[in-house]
Amino acid sequence: MKLEGSFPVSAPRPVVWEAIRDPGLMAQCVPGCEMAEQIDDTSYRARVLVKFGPISARFNLVIEIEQEIALEEVRSRARGEEGTRASTVSSTNILTLSEPEPGTTLVAWSTDFSISGRLGKYGMGLMRKKVESLSAEFVKAFAARLEESAA
Amino acid sequence: MSFVVAPQTVDEAIAFLAANPDARPMAGGASLVAMKNARLIEASHFVSLARIEALRGIGPSAAGGLRIGGMMHHRQIAECADLTGGWQMLRQAAGLIANRVVRNMGTIGGAIANADPAADYLPVLACAGAEVELVGPDGLRRLAVADYLVDWYETALEPGEIVTAIELPAGGDGPSVYRKLARTPGDYATVSVACAREGAGPDSSVRVAVGACGPAPIRDRDAEAALAGRLHDPAAIAAFCATLAEQADPIDDVRGSAAYRLKLIPRMVAAAIRDVTGDR
Amino acid sequence: MAGKEVFALQINGTRREIFAPGDATLLDVLRDDLALRAAKRGCNQGVCGACTVMVDGVPVRGCLTLAGACTGREVTTLEGFADDAAMQALQEAMILSGGVQCGFCTSGMLITARDLVAQTPVPDEPAIRSALSGNLCRCTGYVRIVEAVTDAALQLARQKDTKREAVE
C-alpha cells in the first residue's frame with residue numbers, strides 16, 4: 001500500500017532536520033510509540049502499540065536508514081513483528097525537506113507499506129484510513145513540538 | 001488462556017473490570033468469541049453481561065422516549081411491538097442483522113460497543129437522535145451517536161466502561177424506514193440508509209442517516225432543514241442526496257468499492273425518502 | 001494444567017462435569033470432552049451454522065458460546081432430540097427428499113428448522129429460506145432441504161389437527 005503526504009512546519013530546515021533524527025523526540029510524536037532508541041549510526045529500534053477496534057498489537061520495529069542527504073532527504077526501511085505472533089509490518093519510506101520560504105519547512109513523505117497477520121483482518125481499505133489518521137496525529141504532534149521549541 | 005465470569009449487577013461488572021485491566025466485557029459474544037477463536041484478541045477474563053437483569057428490557061425512558069437495555073438481543077428488538085412509527089426503522093434494522101440464530105445471540109449494546117461502521121443499528125440511532133448510555137468507574141454518561149463514534153472502529157468507550165442502554169427520544173408518528181443493500185441477506189451493509197418523516201403537512205421534513213460510508217453515519221441537519229417542505233420536489237431531493245454523498249468517506253472492501261458506494265448513496269437516500277412520503 | 005477449570009453443565013437433561021480451558025467454547029466441550037459430535041466445527045466463526053445447538057430453548061452458535069457462560073443453562077444438542085416427534089419428522093423428511101448429501105450441515109440445519117417449525121407451524125418457502133440462511137450447505141443447493149422442511153412442517157401440522165380432532 002502506497003501512501004504519501006506533506007505538511008508545513010513553522011521552523012527552519014536545520015531544526016526540522018535535527019528533529020527527525022532525534023529518536024526521543026520522534027517517539028513522543030509517533031502515536032502509540034512506547035520506546036525509541038538509536039542502535040548505531042544508521043539504525044534505530046522502536047516499540048509501537050497499534051490499537052484497532054478490539055485488537056491491540058505491539059510491534060517491535062527496526063528502522064534502517066538507507067540513504068541520507070543532509071537537510072534534504074532520508075530513505076529508510078522499517079521492519080517489525082509482534083512478539084511471538086505471526087503479524088509483521090514492513091515499509092520503505094522517503095522523507096524530503098524543503099524550505100519554500102524562510103522559517104517554513106515543507107516535509108513531504110511517502111511510504112510503501114505492507115502488513116500481515118492479525119491486523120490484516122480489517123483489509124487494506126480500512127488500513128489505509130487508519131494509517132491516514134495516525135499520520136494526521138503524528139503531523140499535529142510533530143508540528144506542535146517544533147513550533148513550541150522554536151518559540 | 002482466559003476465564004469467564006458472569007456478574008449479576010452492573011456495579012459488580014464495573015468493579016471486576018476495574019480490578020482486572022486485561023479483562024474484556026462480553027455481551028452476546030457473537031463478534032468477540034469469533035475474534036477469540038481466530039486468535040485476534042486476548043483477555044484475562046471475559047466478563048459476561050448476560051446475567052445482569054438491569055441491562056434487559058425495552059420500556060419508557062425517564063425523558064419520555066424509549067429505553068432499550070444494552071443486553072437486548074437483535075431478535076427481541078426485531079419482534080418488539082412498541083417499535084412503530086418513528087421507531088419502526090429500528091425494528092427493521094434489527095431483523096436484518098445476520099440470521100435467525102445469530103440474532104438470538106447478538107445484542108444492541110454489543111453491536112454498539114463493537115461499532116462496526118457497516119453495522120445496522122448505527123444509522124438508525126443517528127437518524128433517531130438516540131443517546132448511548134455508558135457506565136464505568138467514573139459513573140454514568142450519555143452521548144449522542146455522533147459524539148460516541150470517534151473514528152473507524154473507535155468509540156468514546158473508556159477502558160472499564162460498558163454500554164448499558166440506548167435511549168431514543170420520542171419517535172413521532174413516522175413513518176420511518178431502514179433500507180439496506182448487502183451482497184447477501186444477513187451480510188453487513190454495503191450501504192444503508194435510515195429515514196424518518198417529521199410531521200405530515202406540507203412543511204414536513206425528514207431525518208436521514210447513511211451507514212457504511214465512513215467511520216460514523218452521515219447526517220446533515222442543515223440539509224434536512226433545507227429540504228423541509230420540499231419532500232415532493234425531485235430537484236430538492238437530488239440536491240439533498242448530493243450533499244450527503246459529498247460528506248461520505250467510504251472505503252474499498254469486499255462489500256464494494258468506494259466509488260460504488262458513492263453511486264449508491266443518492267439512489268438509496270432518494271428511495272428511502274420516497275418510502276416515507278409514499279411517492280413512487 | 002494451568003488455565004483449566006471445572007464446569008458443571010446441564011446437557012440434554014443430564015448434569016455433566018467437564019475439566020476444560022477457561023475460555024473453551026460450548027462446541028469444544030461438546031465435541032472434545034463429551035463426545036457429542038452432532039454439532040460440527042465448520043468455520044468456528046459463527047458463519048456456517050454447522051455447530052448450532054439450543055441453550056435454554058433458543059438456538060445459538062456453539063462456536064460463539066463460551067462454555068463458562070452456560071453454567072445453570074439447559075443445553076440441548078441434536079442428540080437430545082432423539083425422542084422428539086418434530087425432530088423425527090424433520091429427519092425423515094430430510095432423508096426422503098434427499099436433503100442430506102455429505103451430512104456436515106445437517107445437524108445445524110435440523111436444530112434451526114426445529115426451532116422454525118416450533119415458532120411458525122406452517123412456514124412458507126421464503127420463511128424457511130430466511131430461517132435457514134445462517135446454515136450453509138455446499139452440496140444440495142438447498143432446494144431439497146427447503147422441500148424437506150416444508151413437508152415435515154405440513155406433516156406435523158396435520159398430526160396436530162388430527163390429535164385436536166381426537167380430543168374434541
Side-chain angles (χ1 to χ4, degrees), chain B residues 1-8 13 20 22-52 71 73-76 78-79 95-107 110 114 182-188, chain C residues 1-5 7 20-28 41-73 108-109 111-116 119-120 123 126-136:
Chain B
M1 191 65 62
S2 41
F3 294 95
V4 177
V5 293
Q8 307 273 340
N20 297 276
D22 294 329
R24 283 177 192 270
M26 177 172 78
S31 297
L32 199 66
V33 178
M35 294 181 88
K36 176 201 87 80
N37 290 348
R39 300 183 187 205
L40 294 171
I41 55 155
E42 281 159 353
S44 65
H45 300 81
F46 290 103
V47 182
S48 168
L49 307 179
R51 292 180 201 219
I52 304 177
M71 284 301 287
H73 294 287
H74 307 322
R75 183 168 182 178
Q76 293 168 312
E79 289 173 356
L96 290 171
I97 298 171
N99 56 66
R100 184 183 179 89
V101 176
V102 170
R103 286 195 292 272
N104 289 331
M105 304 190 70
T107 64
N114 191 38
R183 295 175 301 171
T184 180
D187 191 14
Y188 278 100
Chain C
M1 186 189 138
K4 281 199 174 188
E5 64 180 331
F7 302 108
D23 60 356
T25 64
L26 182 57
L27 178 67
D28 294 335
R41 186 180 290 116
C43 65
N44 223 23
Q45 289 290 300
V47 177
C48 75
C51 64
T52 305
V53 295
M54 307 280 270
V55 175
D56 283 350
V58 174
V60 298
R61 298 290 197 237
C63 75
L64 297 183
T65 304
L66 294 182
C70 293
T71 52
R73 307 240 135 120
M109 287 281 182
I111 297 276
T112 308
R114 168 70 178 68
D115 179 63
L116 174 68
Q119 308 279 334
T120 314
I128 295 171
R129 286 192 176 270
S130 164
L132 297 180
S133 67
N135 291 78
L136 304 186

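Naming: A, B, ... by sequence-line order, numbering from 1 per chain.
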From OG (C:S133) to CG (B:D187), nearest 0.5 Å
11.5 Å

Determine the minimum heavy-atom distance between B:M26 and C:A69, stating which atoms define it.
CE-CB, 4.5 Å

So, the part of C:D28 with a heavy atom under 4.5 Å from chain B: the answer is neither

Output the distance between atom CG (C:L64) and atom CE (B:M35), rounded to the nearest 0.5 Å.
12.5 Å

Taking every non-hydrogen pair under 4.5 Å, which of B:R51, B:R75, B:K36, B:R103 racks up the most with chain C?
B:R51

Test side-chain contact (heavy atoms from CB on, under 4.5 Å) applied to B:V33 and C:T25, step by step:
CA-CA 8 Å; B:V33 178; C:T25 64; 4.1 Å; yes

Restricting to non-hydrogen atoms, name the atom on B:V102 and the atom on C:G46 that form the minimum distance, rounded to 0.1 Å.
CG2-O, 4.0 Å

Which of the residues C:G49, C:A67, C:G68, C:A24 is involved in the greatest number of heavy-atom pairs with chain B at under 4.5 angstrom?
C:G68

Interchain contact, B:A6 with chain C, by part (heavy-atom threshold 4.5 Å)
neither

Of all heavy-atom pairs between B:F3 and C:E5, which one has the smallest distance, and what is that distance?
CD2-OE2, 3.1 Å

B:G28, B:S31, B:S2, B:S48: which one forms the most heavy-atom pairs within less than 4.5 Å of chain C?
B:S2

Check side chain to side chain donor-acceptor pair (under 3.5 Å) between B:N114 and all other residues, then give those that pass, not counting sequence neighbours.
none

Supply the atom-to-atom distance B:E79 CD to C:Q119 CD, rounded to the nearest 0.5 angstrom.
7.5 Å

Closest approach of C:A131 and B:R100, non-hydrogen atoms and distance?
CB-CD, 3.8 Å

d(B:N37 CG, C:L66 CG) to nearest 0.5 Å is 8.0 Å

Side chains of B:N104 and C:P59 in contact at under 4.5 Å (non-hydrogen atoms)
yes

For C:R73, which atoms come within 4.5 Å of any heavy atom of chain B: side chain, backbone, both, or neither?
side chain

Pairs of heavy atoms under 4.5 Å with chain B: top-ranked of C:T65, C:T112, C:T52, C:L116
C:L116

Most contacts with chain B, counted as non-hydrogen pairs under 4.5 angstrom, among C:N135, C:V55, C:D115, C:I111
C:D115

Does a sphere of radius 6.0 Å around CZ in B:R39 hold more than 12 heavy atoms from other residues, nucleotides or ligands, not counting ones at 6.0 Å or beyond?
no

